[in-house]
Student: 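Okay, handing you the structure first.
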Amino acid sequence: MTAVPDDPKPPPRPPAPLADRYDPRQAEDTWYGVWEERGYFRADPFSKGKPYCIVIPPPNVTGSLHIGHALNNTLQDILVRWKRMEGFNVLWQPGMDHAGIATQVVVERQLAAEGTTRQALGREAFVQRVWKWKEESGGTIIRQLKRLGASCDWERERFTMDPGLSAAVREVFVRLWEEGLIYQGEYIVNWCLRCQTVLSDLEVEYEERAAELYYIRYGPLSLATVRPETKLGDTALAVNPKDRRYAKYVGKELEIPSVDGTIRMKVVADAAVDPKFGTGVIKVTPAHDPTDFEIGRRHGLEVRQVIGFDGKMNQRAGKYAGLDRFEARQRIVEDMTGLGLIEKVEPYQHRVGTCYRCKTVVEPLVSKQWYVRMKPLAERAAKAVRDGRTRIVPRTWLKTYYWWLDNIRDWCISRQLWWGHRLPVWYCDAEGSIHVSREDLAECPSCHGPLRRDEDVLDTWFSSGLWPFSTLGWPRDTPELKTFYPTSCLVTGFDILFFWVARMMMMGLHFMGEVPFRDVYIHALVRDAEGQKMSKSKGNVVDPLEVMERYGTDALRFTLAALAAQGRDIRLSNERIEGYRNFANKLWNAARFVLSNLEGYRPALARKAPAPLAERWIRSRLVRTVGAARKSLAAYRFNDAAGVIYQFLWHEFCDWYLEWSKLTLYRGDDPAARARTQAALVEVLETTLRLLHPFMPFITEEVWQRFPKGRGAPASIMIARFPRVRRRDLDPAAEAAMAPIMAVVSAVRNLRSELQIPPSRTLTAIVRPPAGTVAATFLETAAAVAALTRAEIQVDPAATRPPHSLLAIADGCEVYVPMEGLVDVEAERGRLSRELRRVEEDLGRTEAKLAREDFRQRAPAEVVAREEAKGVEQRALRAKLREGLERLDALAGR
RNA sequence: AGGGACGUAGCUCAGUGGGAGAGCGCCUGUCUGACGCACAGGAGGUCGGCGGUUCGAAACCGCCCGUCCCUACCA
């Protein structure tokens, strides 16, 4: 049990009888408030119980709940509610991310709509404006998570920019600097012109775009490029060192007539050049292309920047100065065409980098930025997974994880934004020194002169990378850290495996000396019914709030869990949700049935009757279901867990046991047997409710409150005990005994349906069980079988097949249904004959004749074997023919 | 270019060595005292193709065809 004391207050409403229909909204509003108020979500680091902790992937502060959040948080809530019911000391740590660039883009758009800019506002006012926006809209997603039923400890809500987490960020930066793992350097970076900031490699998304490949004459050589405008920044030509065609030019300086007069250009040999692409010659523009930058470094080439940070050609571009980069391309191509320098133009599919937030085409530019040295951190993160200290589920993601860590490049952490953690870096211009400090500095520590603070802020993932320990109080030494770190499980989508998961691994190992989580469960993406990625621009987003409104939160949660098969994306459709809404309805009505049949219920009396077979069966099935569900949950197989519970409740409990119980409840005259049945119904359904609670928290609570419970029972299903399995509760004998009985019931129903005998009409069925115990169970259950089949059942181990009867074989039992009085024999013969004639036509005259001979002359087993040898279609027709002939024989009394 | 997945009933998908399954849809019947958001019955599948391993393959291996995703500095 959790440490939470049961609330002495009575439940908010007297347990009135269940309404005709389940009203999700009402139950949701009622119970979430009760749970929260009673402190069931609250975690206590000093509480007893094995700790179980999940940190929420912090949603963006300006975000609102989309279907991906719904899936992610439903799965976390299932785990957390389950563990809580198991008696773990559970913390689900909530919070939000300031989401630097994303949030800044949103607020900038607002400003644009007001006709102003952040520059006009100034840094301080702008940041204030973002805070204000955060206060206004920041709580939206939290309210929506509550609507989803998320049982986070809201009193511990954290924000990546609150004072505690800011202290953690500052501490980490300073330590990494002191350890030499943070450095400043001038490299080529991805520059977003709109956001006016550098982006990390991960923040660049590539898109296929139609482009043109220009073949340009370069003196004696020619080369291909898609970016002629960068030509003005060329400082060399390069060829592959093994390319014999151009060997004679390597090391030479060529005179090249061009749009800006004749220029001199050296030819270098570099392995990065692919001799098979284009002409095998490239122009080297170190300032505007990552590959060229590398080549430039290797050969000591000048970095000649011709495009500015505003995306316009700069002074060095001569007559093109001031033009936008794409305008400049046009103009240069025109000019070169005029000079006869363009040899040809080919259409070309080009991958172009864009900003992951605003989709602007990224410009590679050289700039001074801050980096974290990743190699040493990455090695430990990979090793921790190789050693099994953190388990990644499903394992298909392992390769991806290793690949990235093994090929990692240094992480550019500075951003030219205003919203975020400002770098704790100060420059003393007088002595040219750099100071990194935990406390804000007012003057230079060495010369006491004035300081200038670095303008940049940190990449937003820098702070979220600390999330598993910063939220628990680090760098202070807190009881929360002691109890809950390493956390138990991280539940997240694969899209942030590198952005976030890998970085948490690195940071956690480095600063805590231990992995941040034992398990990482990576779930799929939710797509629309057509398998398309949901996006606002496509207009195919499913709004979880609308779904909850229409079908109820529990239906949405169960749907997501039931579809969360490992390694595959989820296609969400209304039909699917409707099906699980119906499941909730089924549960509701089963509960209504049980509760409305509790008249005179006395559990003590129940013990005076022996357990009948059906009860032993359903109890054993329940235990198996509990076992399977537990096993699936432990393996993060949410779909399997949901599936077995669904199957059990609907198709075993409702379809069989509940129907079976009606005989005792409605027609029985034995009070002890009646009490026994009532107890079984109550206990089995009550257990199922607890099993189902993590998936469907609201309806299970609403129903559970109405169930009769013993003294000292918990006040809420939330803190009730999750069902467990004891081996001795299994009853394989009962399950085995029920199998032939259920098979006979189905067989009789089947015959009735085939003979088109209305359900209202009683028929007779003679059951001939195989010798042994089965006969006894049939005698014991004959009344129930009769009720379920609406047939008069005669059980006779020595019965022979009567004339004019149909035969069915069900799990070793023979079932005979005499047709006399049920069927107009002549009419039925006519009908069958006509049907068989059609089958024979389909089969073909010759084949039909052969088939008839087979049936007459061969043993049944041989006939079936001969059918097997035929094609699919023939086989089916022959089987149809055979069955028809058999039935005709039966009608004829043979 | 490299890596990863997926192809099973009309649709969406479970199912990792011995019974081909679920939900929805479809057909037939049912005013059965929990539920028509239901009940009962049924039709429908050479498990993408070919080859191999195995006593036995939807599953394991190889190749091919088709779809998708991720990663990467071919200008």
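Residue numbers begin at 1 in each chain, while the letters A, B, ... track the order of the sequences. Every value quoted in this text rests on a predicted model; they were computed, and no experiment measured them.
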Student: Should A:Arg351 and A:Glu207 count as an ion pair when the cut-off is N to O under 4.0 Å?
Tutor: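 A:Glu207 and A:Arg351: not salt-bridged.
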Student: What integer number of Å spans the P atoms of B:rG51 and B:rG45?
Tutor: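 Their P atoms lie roughly 23 Å apart.
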Student: Across the strands shown, which category fits A:Arg581 at heavy-atom distances under 4.0 angstrom: base, sugar-phosphate, nothing?
Tutor: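 Touches a base.
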Student: Among B:rA40, B:rA75, B:rC73, which is the nearest nucleotide to the side chain of A:Ile282?
Tutor: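 Nucleotide nearest to A:Ile282's side chain: B:rA75.
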Student: Whole Å only: how far is the CD atom of A:Glu575 from the P atom of B:rC26?
Tutor: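 Roughly 11 Å, once rounded to whole Å.
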Student: Which nucleotide, B:rG33, B:rA75, B:rA72, lies nearest any side-chain atom of A:Arg667?
Tutor: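 For the A:Arg667 side chain, the nearest candidate turns out to be B:rG33.
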Student: Can you tell me if A:Thr285 and A:Lys283 form a side-chain donor-acceptor pair at under 3.5 Å?
Tutor: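 A:Lys283 and A:Thr285 do have a side-chain donor-acceptor pair below 3.5 Å.
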Student: Check every strand shown and say whether A:Tyr348 touches a base, only sugar-phosphate, or nothing at a heavy-atom separation below 4.0 Å.
Tutor: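 A:Tyr348: backbone/sugar contact only, no base atoms under 4.0 Å.
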Student: Between A:Arg227 and A:Glu363, is there a side-chain N and carboxylate O pair less than 4.0 Å apart?
Tutor: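 So A:Arg227 pairs with A:Glu363 through a salt bridge.
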Student: What is the nucleic acid contact for A:Glu659, judged by heavy atoms within less than 4.0 Å: base, sugar-phosphate only, or nothing?
Tutor: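 If one applies the 4.0 Å heavy-atom cut-off, A:Glu659 turns out to touch a base.
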Student: More 5' along RNA chain B: A:Arg227 or A:Tyr580, using each one's nearest nucleotide?
Tutor: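 On the 5' side of the pair lies A:Tyr580.
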Student: For A:Lys586, which contact category applies under a 4.0 Å heavy-atom criterion: base, sugar-phosphate, or nothing?
Tutor: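 Base contact.
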Student: Measure from the side chain of A:Arg409, starting at C-beta and using heavy atoms only, and say which of B:rC39, B:rC35, B:rC73 lies closest.
Tutor: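 That would be B:rC73.
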Student: Picking from B:rC74, B:rC39, B:rC73, which would you name as closest to the side chain of A:Phe277?
Tutor: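 For A:Phe277, the side-chain atoms sit closest to B:rC74.
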Student: Give the nucleotide from the list B:rA72, B:rG23, B:rA75 with an atom nearest to the side chain of A:Asp274.
Tutor: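 Nucleotide nearest to A:Asp274's side chain: B:rA75.
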Student: What contact category does A:Tyr646 fall into here, base, sugar-phosphate, or nothing, at under 4.0 angstrom with non-hydrogen atoms?
Tutor: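 If one applies the 4.0 Å heavy-atom cut-off, A:Tyr646 turns out to touch the sugar-phosphate alone, with no base involved.
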Student: Which whole number of Å gives the distance between the P atom of B:rG41 and that of B:rC55?
Tutor: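 My reading of the P atoms in B:rG41 and B:rC55 gives 41 Å.
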Student: Send over the distance from A:Leu563 CG to B:rC24 C1', rounded to a whole Å.
Tutor: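 Those two atoms, CG and C1', are 12 Å apart.
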Student: What nucleic acid atoms does A:Arg576 come within less than 4.0 Å of, heavy atoms only: base, sugar-phosphate, or nothing?
Tutor: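 Touches a base.
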Student: The side chain of A:Asn585 lies closest to which of these nucleotides: B:rC24, B:rC35, B:rA75?
Tutor: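 Of B:rC24, B:rC35, B:rA75, B:rC35 is nearest to the side chain of A:Asn585.
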Student: With sugar-phosphate meaning primed atoms plus P, OP1 and OP2, does A:Asp289 contact a base, only sugar-phosphate, or nothing at under 4.0 Å between heavy atoms?
Tutor: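 Since no nucleic acid heavy atom lies under 4.0 Å of A:Asp289, the category is nothing.
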Student: Are A:Phe558 and A:Tyr551 near enough that their ring centres are under 6.0 Å apart?
Tutor: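 No, ring centres 6.0 Å or more apart.
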Student: Expressed as a whole number of angstroms, how long is the span from A:Phe638:CZ to B:rA22:C1'?
Tutor: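 Going from CZ in A:Phe638 over to C1' in B:rA22 covers 20 Å.
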Student: Roughly how far apart, to the nearest Å, are B:rA72 and B:rA9 at atom P?
Tutor: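 Comparing P positions in B:rA72 and B:rA9 gives a spacing of 36 Å.
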Student: Taking only side-chain nitrogens and oxygens of A:Lys399, does any of them come within less than 4.0 Å of OP1 or OP2 of B:rG4?
Tutor: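 Result: yes.
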Student: When the P atoms of B:rC61 and B:rG23 are considered, how many whole Å apart are they?
Tutor: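 Straight-line distance between the two P atoms is 31 Å.
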Student: Which part of the nucleic acid, if any, lies within reach of A:His288 when heavy atoms closer than 4.0 Å are counted: base, sugar-phosphate only, or nothing?
Tutor: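 Nothing, no nucleic acid heavy atom in range.
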Student: Using a heavy-atom cut-off of 4.0 Å across all strands, would you classify A:Leu658 as base, sugar-phosphate, or nothing?
Tutor: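 Base: the residue A:Leu658, judged by heavy atoms under 4.0 Å, touches a nucleobase.
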Student: Do any side-chain nitrogens or oxygens of A:Asn582 fall under 4.0 Å of OP1 or OP2 in B:rC35?
Tutor: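 Checking B:rC35 against A:Asn582, no side-chain N or O comes under 4.0 Å of OP1 or OP2.
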Student: The side chain of A:Tyr206 lies closest to which of these nucleotides: B:rC35, B:rC73, B:rG3?
Tutor: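 When the side chain of A:Tyr206 is considered, B:rC73 is the closest of B:rC35, B:rC73, B:rG3.
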Student: Other residues, nucleotides and ligands only: do more than 12 of their heavy atoms fall within 6.0 Å of CZ on A:Arg395?
Tutor: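 Not more than 12 within 6.0 Å, no.
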Student: On RNA chain B, compare the nucleotides closest to A:Pro758 and A:Asp201; which residue's is nearer the 5' end?
Tutor: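 The residue mapped nearer the 5' terminus is A:Pro758.
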Student: With no hydrogens and no angle check, do the side chains of A:Asn240 and A:Asp270 hold a donor and an acceptor under 3.5 Å apart?
Tutor: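 Distance-only check fails for A:Asn240 and A:Asp270.
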Student: Rounded to whole angstrom units, what separation is found between the CZ atom of A:Phe583 and the C1' atom of B:rC24?
Tutor: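 Taking CZ of A:Phe583 and C1' of B:rC24, I get 16 Å after rounding.
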Student: I'd like to know if the side chain of A:Arg592 and the backbone of A:Trp588 have a donor-acceptor N/O pair within less than 3.5 Å.
Tutor: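 A pair under 3.5 Å: no.
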Student: Give one of base, sugar-phosphate or nothing for A:Trp588, where a contact means two heavy atoms less than 4.0 Å apart.
Tutor: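 It contacts nothing in the nucleic acid.
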Student: Given that both pair distances must be under 3.5 Å and the pair must be Watson-Crick or G-U, what runs of three or more consecutive pairs involve RNA chain B?
Tutor: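 So far as stems of 3 or more pairs are concerned, RNA chain B shows B:1-7 with B:65-71, B:10-13 with B:21-24, B:26-30 with B:38-42, B:48-52 with B:60-64.
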Student: Nearest whole Å is fine: how far is B:rG4 P from A:Ile392 CD1?
Tutor: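 Distance, rounded to whole Å: 16 Å.
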Student: Checking all strands, does A:Thr291 fall into the base, sugar-phosphate, or nothing category for heavy-atom contacts under 4.0 angstrom?
Tutor: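 Here A:Thr291 touches the bases of the nucleic acid.
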Student: Can any side-chain N or O of A:Arg329 pair as donor or acceptor with the backbone N or O of A:Arg325 at less than 3.5 Å?
Tutor: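 Checked: no pair found.
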Student: Would the A:Tyr646 and A:Tyr580 ring centres measure less than 6.0 Å apart?
Tutor: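 Judged by ring-centre distance (under 6.0 Å), A:Tyr646 and A:Tyr580 do meet the cut-off.
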Student: For B:rA14 and B:rC60, measure between their P atoms and round to the nearest Å.
Tutor: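 Between the two P atoms, the distance is 15 Å.
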Student: Whole Å only: how far is the CZ atom of A:Phe593 from the C1' atom of B:rA38?
Tutor: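 Between C1' of B:rA38 and CZ of A:Phe593: 15 Å.
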Student: Should we count NZ of A:Lys662 as having more than 12 external heavy atoms under 6.0 Å?
Tutor: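 Yes.
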Student: Measure from CG on A:Asp243 to P on B:rA75 and round the result to the nearest Å.
Tutor: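 Whole-Å distance recorded here is 18 Å.
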Student: Using the P atom as the reference point in each nucleotide, state the distance between B:rG36 and B:rG25 in Å, no decimals.
Tutor: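 That atom pair is separated by 16 Å.
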Student: So what does A:Arg637 touch, heavy atoms closer than 4.0 Å: a base, only the sugar-phosphate, or nothing?
Tutor: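 The answer is sugar-phosphate, as A:Arg637 gets under 4.0 Å only of primed atoms, P, OP1 or OP2.
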Student: Hey, is the main chain of A:Thr789 close enough, under 3.5 Å, to the side chain of A:Arg752 for a donor-acceptor pair?
Tutor: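 Answer holds: yes.
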Student: Any donor-acceptor pair under 3.5 Å linking the side chain of A:Asp554 with the backbone of A:Ile699?
Tutor: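 Present.
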Student: From C-beta outward on A:His651, which listed nucleotide comes closest to its side chain: B:rC39, B:rG41, B:rG23?
Tutor: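 Closest nucleotide among those given: B:rG23.
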Student: Would you indicate which nucleotide in B:rA14, B:rA75, B:rG33 comes nearest to any side-chain atom of A:Thr225?
Tutor: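 Out of B:rA14, B:rA75, B:rG33, the nucleotide with an atom closest to A:Thr225's side chain is B:rA75.
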Student: On a whole-Å scale, what distance lies between the C1' atoms belonging to B:rU54 and B:rU16?
Tutor: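 Pairwise C1' distance, B:rU54 against B:rU16, rounds to 15 Å.
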Student: Could you give the distance separating B:rA75 and B:rA5 at their C1' atoms, to the nearest angstrom?
Tutor: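 It works out to 31 Å between them.
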Student: Looking only at the side chain of A:Arg790 (C-beta and beyond, no hydrogens), which of the listed nucleotides B:rA38, B:rU32, B:rU71 gets closest?
Tutor: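 Closest nucleotide to the A:Arg790 side chain: B:rU32.
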Student: Atom CD1 of A:Ile188 and atom P of B:rA75: how far apart are they, to the nearest Å?
Tutor: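 Going from CD1 in A:Ile188 over to P in B:rA75 covers 14 Å.
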Student: Does A:Trp650 place a side-chain N or O at less than 4.0 Å from the phosphate oxygens OP1/OP2 of B:rC39?
Tutor: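 Yes, because at least one side-chain N or O of A:Trp650 sits under 4.0 Å from OP1 or OP2 of B:rC39.
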Student: Have a look at A:Lys662 and say if it touches a base, only the backbone sugar-phosphate, or nothing, with a 4.0 Å heavy-atom cut-off.
Tutor: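 It contacts base atoms.
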